Every structure is written in C-alpha cells, then in structure tokens.
Asks: 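One structure coming up, written as structure tokens, with questions to follow.
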Amino acid sequence: MKNRIIRINDEIKKELSEILRSGLKDPRMVSMASVVRVDTSADLKHCKAYISILGSDEAQESCMEAINSAKGYIKSQIASALQLRQTPDFKFIADDSLDYSFKIGKMLDDVNKGE
C-alpha cells in the first residue's frame with residue numbers, strides 16, 4: 001500500500017507541476033512556482049501540496065491566492081490525467097524552505113569571507 005501512495009504522490013506532483021507551469025492563466029501567477037512535495041492520505045481523500053514560490057512576499061501571496069482559487073480546475077485536471085477512483089481534495093501550503101536555504105547559504109558565505 002505504501003508503494004502505491006508513493007507512486008500516486010509522484011504522479012500528482014508531476015501533473016501539478018505541469019498545471020502550474022502552463023495550465024493556469026491567472027494574471028496573479030507572476031512568480032515562478034514549483035511543487036516541492038506532495039503528501040496524499042492513504043484513503044486518497046486529502047492531499048497537501050507544498051508550493052515554493054520565488055519572488056517578493058506580495059508576489060508569493062498573490063500567487064498562492066491564484067492557486068487556491070483554481071482548486072476546482074486543478075482537481076479536474078488531475079482527475080482526468082490520473083484517472084483515480086477518487087481524486088483528493090487539495091490543500092496548498094506555501095513552502096519557504098528554498099528561501100531559508102538561500103539565507104543560510106548567504107550567511108555561510110559571509111562568515112567564510114570574514115575569515
């Protein structure tokens with residue numbers, strides 16, 4: 001069962017990435033958005049998608065609003081692409097791990113330059 005969920009997570013991540021890249025025509029999607037991770041429940045009723053968005057805080061916020069307003073469209077696209085018995089309801093979560101890693105890398109560079 002666990003392998004099945006892993007495969008489904010991978011497929012949802014791939015399809016969701018494609019939808020975010022080319023499927024959403026919302027003008028609020030001004031920033032680069034990428035899917036970092038997808039966690040689907042074992043019963044396929046819920047799915048948490050962690051989205052990383054590059055850009056200012058305002059751009060990130062408007063991009064997340066655009067993604068959340070397109071939940072129905074995204075769900076229908078995933079349903080037609082994967083043809084699962086049940087398509088999960090999505091919860092999109094802004095992931096700032098890339099920004100955090102850039103900040104840590106910059107701090108380490110600054111410390112190394114100081115030596």
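None of these values were measured; they are calculated from a predicted model. Residues take their numbers from the sequence shown, with the count starting at 1.
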Asks: Of all heavy-atom pairs between I67 and I74, which one has the smallest distance, and what is that distance?
Replies: O-CD1, 3.9 Å
Asks: Just jot down the salt bridge (Lys or Arg N to Asp or Glu O under 4.0 Å) partners of K14, sequence neighbours excluded, or say none.
Replies: E11
Asks: Looking at residues at least two apart in the chain, or sitting in another chain, which of them share a side-chain hydrogen bond (donor to acceptor under 3.5 Å, both in side chains) with D39?
Replies: R37
Asks: Who pairs with T40 by side-chain hydrogen bond (donor to acceptor under 3.5 Å, both in side chains), at least two apart in sequence or on another chain?
Replies: N9
Asks: Using the side chain to side chain contact (heavy atoms under 4.5 Å, CB included) rule, pick out the option among I19, L20, I12 that qualifies with V35.
Replies: L20
Asks: What's the separation between atom CD1 in I5 and atom CG in D10, rounded to the nearest 0.5 Å?
Replies: 11.5 Å
Asks: side-chain hydrogen bond (donor to acceptor under 3.5 Å, both in side chains) with E18: which residues, sequence neighbours excluded?
Replies: R21, S22
Asks: Of the non-hydrogen atoms in K13 and V36, which two are nearest, and what is the gap between them?
Replies: NZ-O, 3.3 Å
Asks: Could you tell me which residues satisfy salt bridge (Lys or Arg N to Asp or Glu O under 4.0 Å) with D26, sequence neighbours excluded, listed by chain and number?
Replies: R28
Asks: L44 and R4: which non-hydrogen atoms are nearest, and at how many Å?
Replies: CD1-NH2, 3.8 Å
Asks: Would you give the length of the straight line joining atom CD1 of I51 to atom CG of D96, rounded to the nearest 0.5 angstrom?
Replies: 13.5 Å
Asks: Can you confirm whether S41 sits close enough to H46 that some side-chain heavy atom of one is under 4.5 Å from a side-chain heavy atom of the other?
Replies: yes
Asks: Is there a chain of hydrophobic side chains (I, L, V, M, F, W, Y, each step under 4.5 Å between heavy atoms) that links I93 to M64?
Replies: no
Asks: For Q60 and I53, indicate whether the former's side chain and the latter's backbone hold a donor-acceptor pair under 3.5 Å.
Replies: yes
Asks: Please test D110 against K106 for salt bridge (charged side-chain N to carboxylate O under 4.0 Å, His left out), starting from the C-alpha separation and ending with a verdict.
Replies: CA-CA 6 Å; D110 291 345; K106 187 177 183 318; 3.5 Å; yes
Asks: Which atom pair, heavy atoms only, marks the closest approach of S69 to A66?
Replies: OG-O, 2.9 Å
Asks: Please, which pairs that meet side-chain hydrogen bond (donor to acceptor under 3.5 Å, both in side chains) have at least one residue in residues 70-83, sequence neighbours excluded?
Replies: K75-D89
Asks: Do the side chains of Y50 and L54 join up, straight or via other hydrophobic residues, at under 4.5 Å, putting them in one cluster?
Replies: no
Asks: Can you tell me how far the CZ atom of F92 sits from the SG atom of C63, to the nearest 0.5 Å?
Replies: 11.0 Å
Asks: On a heavy-atom basis, which atom in L82 and which in E15 lie closest, and how many Å separate them?
Replies: CD2-CG, 4.0 Å
